[in-house]
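Some notes on the structure that comes next.
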Amino acid sequence: MCNLRFDDTNPSKEEVEYVESIQQDVRWLGFDWDDRLFYASDYFEKLYGFAIRLIQKGKAYVCDLSADEIRQYRGTLTEPGKESPYRNRTVEENLDLFQRMRSGEFPDGSRTLRAKIDMASPNLNLRDPVMYRILRSTHHRTGDSWCIYPTYDWAHGQSDSIEGITHSICTLEFEIHRPLYDWFLNALEIHHPRQIEFARLNLTYTVMSKRKLLELVEEQRVNGWDDPRMPTISGLRRRGYTPESIRLFADRIGVSKNESMIDVALLEDCLRSDLNKRAARAMAVLHPLRVIIENYPDGSVEDLEAVNNPEDPAMGVRKVPFSKVIYIEHDDFRENPPKKYFRLSPGMEVRLRYAYIIKCVDVVKDEKSGEVVELRCTYDPETKSGSSQSGRKVKGTIHWVSAMHAIDAEVRLYDRLFSVEDPNGDDWKECINPHSVEILRKCKVEPSLAAAKPQDRFQFERLGYFCVDNDSKTNALVVNRAVTLRDTWSKIEKA
RNA sequence: UGUCGGGUCGUCUAAUGGCAGGACAACGCCCUUUGGAGGCGUCUGUAGAGGUUCGAAUCCUCUCCCGACAGCCA
């Protein structure tokens, strides 16, 4: 069981715009917090009371030092700090001043409430940390009712305690703050949750820090937080990732305190293994090459049966129309086939998935450019998929769509956002992969996709897993490539 | 040269004093009407040096390397 709490301790940060999308993301991932949605601002009054208690115990004081002065008094990593001249005010004076801070008598930044701990502590967090600052700013939940706001370090542990949290897990950078949280809880003598830290996720070929992600968004190097190249939940969702695949990924990488860099290939594999079992198959041609089957009767159309998912017979079958003119993938034809190339080439045969074996008898080229623009083929009527003669072996099987039945689609091919594994250092933005997205506008997909809606996911046979984009409209299909299939051929060809 | 934390195959992660295992990646083979999926196999690891022990990745000592921390951010 978990709570969802927003630690909205700083009204000057634009938290409002994130509150809704964070909830949406967490819910989409599959978590349910029932009615336990909380805000640290729910506890402002209680926190104020806790602060008074610490003052009364002589464990907190009002300090008149400026931000700069506090920094100077803090000392350094290797040298102890100096005590504030206001450190030994009386309880009465502190109580009075703190109450007047709340009632708005002092200007922003002029005073703070600080915990009275140890200015010589080797842990900087214990050198009299600030608990309250004066800040006149409208809060998204409490409006203008407060002009002093608790710091995160002061609010966090007590908020957990109020909620009766048993285990509070957070990332490693808060490890060094734990002694402070412990100190507050012990001083207050209230329920003491156990905080456990773990390493944050790092992925290869991307950046994860909020600061860098924000920069990418603000400088329009990506199209918003949900750009399919972003490693955000909303980006992954739009890219085509499923909640299941992300949870599988989380299971596989485990939880530890090791600061690690996880190969994005592992994430991709999780998506493949989820979608392999669940995604409907379809045929789509990204770079169409027109093929005319010369001996196929003009005007004739056959509805061929295709299985929706060979991994799951329960997903059934569908009909795919076949006719004299089809499109195949441009790359599935080579005029001069390399060794081990099992697809179409002049004089050679290939199987059309769910249809016939065809043979290439002629190649039509553009007179000027010499580019192959059309193929003339013949088919063997005896080799129809599923028929008695269909067992004839050919090395390759390729996908296709019938030209007169095909639907036009825009396909967006996404690749890694960065071209280096670990884009850190000052020049990280120069490592952005210039080919992280390629937009194809003249793709042809089989007619069954006419009804596809945003977020529908498919495997386009031999190509990869694709997800209908939010930009998609009824007569203007837009799909994103989430991840390619494993491609053994590309490795053979490279070698 | 302060405090805290961390070092196990290329990458993650198991093994809590008793056979260093799994996944991803890579490579090879089989199978295949997706060069998909699947199957089989190969490769590679306890940061270093001492010590305790019948036995150490695990316990002890020293060394080395990496990270976090000097916001009135979270």
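What's counted below: heavy atoms across the whole structure, side chains too, no hydrogens, waters or symmetry copies. Throughout, a chain's letter reflects where its sequence line sits, starting with A, and its residues are numbered from 1.
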Find the partner of [N]: check Watson-Crick (N1-N3 plus N6-O4 or O6-N4) and G-U wobble (N1-O2, O6-N3) distances, both under 3.5 Å, and reply none if neither fits.
{"N": "B/G71", "answer": "none"}
{"N": "B/G5", "answer": "B/C66"}
{"N": "B/C24", "answer": "B/G10"}
{"N": "B/C59", "answer": "B/G51"}
{"N": "B/U44", "answer": "none"}
{"N": "B/U34", "answer": "none"}

Indicate whether OP1 or OP2 belonging to [N] is found under 4.0 Å from a side-chain N or O atom of [X].
{"X": "A/Thr488", "N": "B/G36", "value": "yes"}
{"X": "A/Lys257", "N": "B/C4", "value": "no"}
{"X": "A/Arg486", "N": "B/A37", "value": "yes"}
{"X": "A/Arg71", "N": "B/G71", "value": "yes"}
{"X": "A/Arg353", "N": "B/U32", "value": "no"}
{"X": "A/Arg74", "N": "B/G71", "value": "yes"}
{"X": "A/Thr9", "N": "B/A74", "value": "yes"}
{"X": "A/Arg462", "N": "B/G35", "value": "yes"}
{"X": "A/Asn10", "N": "B/C73", "value": "yes"}
{"X": "A/Lys393", "N": "B/U33", "value": "yes"}
{"X": "A/Ser256", "N": "B/U13", "value": "yes"}
{"X": "A/Asn258", "N": "B/G7", "value": "yes"}
{"X": "A/Arg200", "N": "B/G67", "value": "no"}

Mind checking if [X] touches a base, just sugar-phosphate, or nothing, with heavy atoms under 4.0 Å?
{"X": "A/Phe249", "result": "nothing"}
{"X": "A/Gly254", "result": "nothing"}
{"X": "A/Leu352", "result": "nothing"}
{"X": "A/Leu65", "result": "base"}
{"X": "A/Ile398", "result": "nothing"}
{"X": "A/Glu197", "result": "nothing"}
{"X": "A/His156", "result": "nothing"}
{"X": "A/Lys13", "result": "sugar-phosphate"}
{"X": "A/Tyr149", "result": "nothing"}
{"X": "A/Pro310", "result": "base"}
{"X": "A/Leu77", "result": "base"}
{"X": "A/Met261", "result": "sugar-phosphate"}
{"X": "A/Asn123", "result": "nothing"}
{"X": "A/Leu266", "result": "sugar-phosphate"}

Closest nucleotide among [options] to the [X] side chain:
{"X": "A/Arg133", "options": "B/A74, B/A25, B/C27", "answer": "B/A74"}
{"X": "A/Asn276", "options": "B/C24, B/G36, B/C72", "answer": "B/G36"}
{"X": "A/Leu124", "options": "B/G5, B/C12, B/G2", "answer": "B/G2"}
{"X": "A/Arg281", "options": "B/G36, B/A74, B/C72", "answer": "B/G36"}
{"X": "A/Arg272", "options": "B/A25, B/U13, B/G2", "answer": "B/A25"}
{"X": "A/Ser260", "options": "B/U34, B/A74, B/C12", "answer": "B/C12"}

Between [Y] and [X], is there a side-chain donor-acceptor contact under 3.5 Å, judged purely by atom types and distance?
{"X": "A/Asn480", "Y": "A/Arg239", "result": "no"}
{"X": "A/Thr9", "Y": "A/Asp7", "result": "no"}
{"X": "A/Glu302", "Y": "A/Tyr356", "result": "yes"}
{"X": "A/Glu446", "Y": "A/His405", "result": "no"}
{"X": "A/Ser323", "Y": "A/Ser402", "result": "yes"}

Below 3.5 Å, does any donor atom in the side chain of A/Glu311 face an acceptor in the base of B/G36, or the other way round?
->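 Yes, the side chain and the base share a sub-3.5 Å donor-acceptor pair.
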Polar side-chain contact A/Ser385-B/U33 base: donor and acceptor under 3.5 Å |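 Answer is yes: a donor-acceptor pair is held.
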If you count the non-hydrogen atoms of other residues, nucleotides and ligands that lie under 6.0 Å from CD1 in A/Ile196, is the total more than 12?
->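 Result for CD1/A/Ile196: enclosed.
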A/Phe31, CZ atom: more than 12 neighbouring heavy atoms under 6.0 Å |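 Open.
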How do A/Lys395 and A/Glu175 order along RNA chain B: which one's closest nucleotide is nearer the 5' end?
->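 Result: A/Glu175.
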Closer to the 5' end of RNA chain B via nearest nucleotide, is it A/Asp68 or A/Gln459?
->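 Nearest-nucleotide comparison on RNA chain B picks A/Gln459.
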Got a second to check how far A/Leu29's CG is from A/Gln24's CD, nearest 0.5 Å?
->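 It is 11.0 Å, given to the nearest 0.5 Å.
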Pull up the glycosidic torsion of B/G71 and say syn or anti, syn being anything within 90° of 0.
->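 The base of B/G71 is oriented syn (glycosidic angle within 90° of 0).
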Validation row: A/Leu463, A/Thr484 side chains within 4.5 angstrom (heavy atoms) =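 No. Closest side-chain heavy atoms not under 4.5 Å.
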